[in-house]
Amino acid sequence: MPDNETDPRLAMLVDGIVRLSRGDLSTRMEPSAARDDVDAVITGFNLLAEELELVHRDFEDRVESRTAMLHQAHLDMRAMAMTDALTQLDNRIALLAKLEDELAADGDATPPALILLDLDSFKDVNDSFGHDAGDRVLQEVANRLVGVIRDTDTVARLGGDEFAILVPEATLEIALRIANRALAALGDRISLDELHVFSRASIGVRLAEPGQSPESILLDADTAMYVAKREGRSTIKVFEPVMLLQRQLRSQIASELRDAIRSDQLSLHYQPVVDLRDGRVLGLEALVRWNHPTRGFIMPDEFIPLAEEIGAVIELDRWVMASAIRQYSLWRAEMELDDDFQLRLNLSAVELQQLDLVDYVRGLLRRFDIPPVALVLEITETALVTGGEVETYSLLSLKQLGVCIEIDDFGTGYSSISYLRKLPVSMVKVDRSLLSELSTGSIQFGFIAAILQLIRAAGLEAVFEGIETLEQAEKLKEMGCVGGQGYYFSKPLTVEDTSALLRSSAKLPLAS
Amino acid sequence: MSAINVQSDQSGEGHPGNVIRLVMPKGVDITGEIAETHAARARSIANGSLRPVLLEISGVGSISRDARAVFTSSRTSSAIAVLGASPVDRVMANFLLGGDPPPCPTRFFTTESEAMAWLGSCPHA
């Protein structure tokens with residue numbers, strides 16, 4: 001047995017421990033044939049080193065696999081953040097990033113185009129069939145859009161019912177071709193199980209200009225899309241700079257409109273409704289005007305749709321209701337009006353959805369001591385026909401209150417007479433277009449007589465608006481029509497002129 | 001490969017019956033493969049019953065991790081007595097026995113008689 005004092009294996013052991021401590025975990029030593037205590041230590045060293053190496057390798061493997069998992073999780077999260085969960089399309093962030101990449105590409109490259117699509121009347125799908133059905137329609141729309149693009153294009157869902165197609169290296173012709181294909185693809189009915197809907201879209205196209213930011217391109221495409229939506233749905237509009245100006249103007253007017261409602265820039269004019277038999281004033285229709293400090297008089301056709309768009313229509317409607325009813329109470333106090341005299345107010349479709357509408361109307365009538373029967377609320381045919389449960393509740397409650405409900409613009413919607421009978425309405429105002437078509441000769445008095453007969457058969461009374469000539473007034477009178485309204489009798493009047501007219505108890509039309 | 005020495009030792013007074021003796025070849029590095037060959041033979045002798053095992057490792061070059069795993073995962077042993085001679089054998093035996101908890105009682109001996117006596121006294125042997 002070697003002497004421990006000089007045993008070279010001890011020096012070897014020291015070397016081995018040094019190597020091991022420096023991190024060389026593969027260090028091993030050969031025990032001697034002696035198999036004595038020193039060899040036992042060497043063997044133990046080898047076995048411990050092996051364990052250490054193994055544990056270390058295991059640890060390294062674990063770190064590597066955890067790092068890989070972390071990296072994958074990062075990639076997954078990134079993908080999730082860039083993907084629309086419902087359709088698996090790119091989302092807005094991903095689209096803007098890709099657009100940015102396209103714009104950053106070689107300056108000589110052809111610029112990209114962005115096509116923005118917003119589904120028409122998609123809210124109706126959700127409202128009528130539920131959000132689950134709505135989601136399935138969106139998925140189908142996504143599939144169809146993916147089917148019309150080139151390999152290099154990207155379809156994204158920006159949110160809600162808004163989609164976009166990024167067309168790299170585009171010309172207007174290429175972009176329009178894809179937009180038209182998208183329009184055609186969405187033109188076919190979507191049938192999912194028992195659900196059949198049309199999900200057409202309004203489309204805005206923007207060909208990028210050098211130096212434009214992705215956000216600016218998106219805004220331009222969006223602006224063009226809104227023009228398409230307003231000018232008639234299922235259309236394609238290519239962005240023009242004037243559209244942006246108009247949009248800015250609209251948004252300025254929109255903010256001014258809110259102020260106008262609060263600061264009494266609005267005023268009411270009143271157009272008489274006349275008894276065709278003797279020219280007696282049966283009532284007044286209140287019509288709102290906006291006297292803009294710099295733009296002058298703005299007509300309701302211009303600002304009411306805007307009020308609807310910006311959600312200010314309730315405020316507007318209530319201003320009109322309160323102001324008109326207050327004025328009406330002043331007239332009632334000042335002069336003797338006929339018992340059947342009625343104030344007529346227009347009510348928007350959105351107003352009909354307000355649960356507090358009936359309370360509001362009841363409160364006003366009480367406050368100004370107006371009998372409910374002296375008030376007529378005019379509601380458009382479309383609002384009545386497309387209304388849901390809340391609208392029906394409002395109508396029934398108003399009727400119960402004793403207020404008269406009148407269908408406005410009758411003949412422009414698509415209600416059948418049998419449907420009209422089911423509605424809690426008592427009057428119909430026949431749209432002016434019917435009389436104007438009469439003057440162009442495209443329809444005959446016989447046709448109007450038939451309509452009048454149908455309205456009466458439904459147990460309703462009819463008022464004709466847009467009467468402009470004596471002949472029209474005479475013919476309607478001959479047919480037994482009682483109520484009429486139009487420039488032949490009187491244009492809408494200011495409060496002062498209306499007061500004078502009522503005070504005089506004059507018959508209309510006034511002798512010129 | 002060295003000769004495999006696997007036998008069933010049923011002789012000797014005071015020795016427990018049915019001891020399976022596994023003798024690892026001297027001077028050989030015992031790999032998982034060698035260990036498995038021995039273990040397979042032992043299983044064949046045991047024929048489904050639990051038997052005491054005398055594992056002789058005197059003079060082996062080394063015992064790999066895989067080989068250690070084969071011995072310590074045995075499901076046919078009622079007890080394992082590891083028999084060695086030198087301090088090196090003792091260190092190797094303790095690495096062999098010192099890992100995961102073994103499925104049966106295990107112990108290192110330097111004499112066969114002590115090993116056989118222990119196997120005989122083991123309650124499950």
Side-chain angles (χ1 to χ4, degrees), chain A residues 1-70, chain B residues 2 5 22-36 38 54-73 80-102 106-112 114-115:
Chain A
M1 184 186 297
D3 181 353
N4 279 358
E5 293 289 323
T6 56
D7 191 338
R9 292 176 301 170
L10 288 176
M12 184 175 76
L13 261 172
V14 172
D15 277 353
I17 287 167
V18 167
R19 283 207 303 279
L20 196 66
S21 67
R22 284 181 181 158
D24 181 5
L25 303 184
S26 64
T27 303
R28 301 287 184 276
M29 285 171 279
E30 193 62 40
S32 75
R35 296 181 80 86
D36 58 8
D37 285 344
V38 177
D39 286 322
V41 172
I42 291 170
T43 303
F45 174 93
N46 286 342
L47 287 163
L48 284 171
E50 187 189 353
E51 289 295 312
L52 195 60
E53 190 178 20
L54 212 78
V55 167
H56 187 261
R57 196 184 308 144
D58 186 45
F59 180 69
E60 296 265 277
D61 287 350
R62 226 181 280 186
V63 167
E64 197 177 320
S65 91
R66 294 286 195 280
T67 308
M69 278 165 70
L70 205 63
Chain B
S2 60
N5 187 345
L22 302 178
V23 182
M24 298 299 111
K26 286 187 190 333
V28 171
D29 294 327
I30 308 302
T31 61
E33 197 181 345
I34 295 172
E36 180 51 38
H38 283 80
L54 180 71
L55 176 61
E56 202 177 322
I57 62 165
S58 303
V60 297
S62 65
I63 303 173
S64 75
R65 274 186 77 86
D66 289 347
R68 299 205 297 261
V70 170
F71 291 132
T72 54
S73 65
I80 303 171
V82 182
L83 183 62
S86 67
V88 172
D89 296 340
R90 188 176 157 219
V91 168
M92 283 197 288
N94 277 285
F95 267 85
L96 174 61
L97 306 174
D100 294 330
T106 54
R107 203 163 154 186
F108 176 72
F109 297 94
T110 50
T111 65
E112 185 174 335
E114 281 174 334

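To find a chain, count down the sequence lines: A is the first, B the second, and so on, and within it residues start at 1.
- Screening residues 81-97 of chain B for salt bridge (Lys or Arg N to Asp or Glu O under 4.0 Å) gives R35(A)-D89(B) as the qualifying pairs, with residues at least two apart or on separate chains.
- Residues of residues 45-53 of chain A that come within less than 4.5 angstrom of chain B, heavy atom to heavy atom, are L47(A), L48(A), E50(A), E51(A) in numerical order.
- Here the closest heavy-atom approach between residue I42(A) and residue E30(A) is recorded as CG2-C, 4.2 Å.
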Inset, instruction - List the steps, then state whether side-chain contact (heavy atoms from CB on, under 4.5 Å) holds for D39(A) with D36(A). - result: CA-CA 5 Å; D39(A) 286 322; D36(A) 58 8; 3.2 Å; yes
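- Not counting sequence neighbours, the partners of T111(B) by the side-chain hydrogen bond (donor to acceptor under 3.5 Å, both in side chains) test are E114(B).
- Comment: D24(A) does not engage R22(A) in a salt bridge, judged by the lack of any side-chain N to carboxylate O separation of less than 4.0 angstrom.
- The salt bridge (Lys or Arg N to Asp or Glu O under 4.0 Å) search around D58(A) returns R62(A), not counting sequence neighbours.
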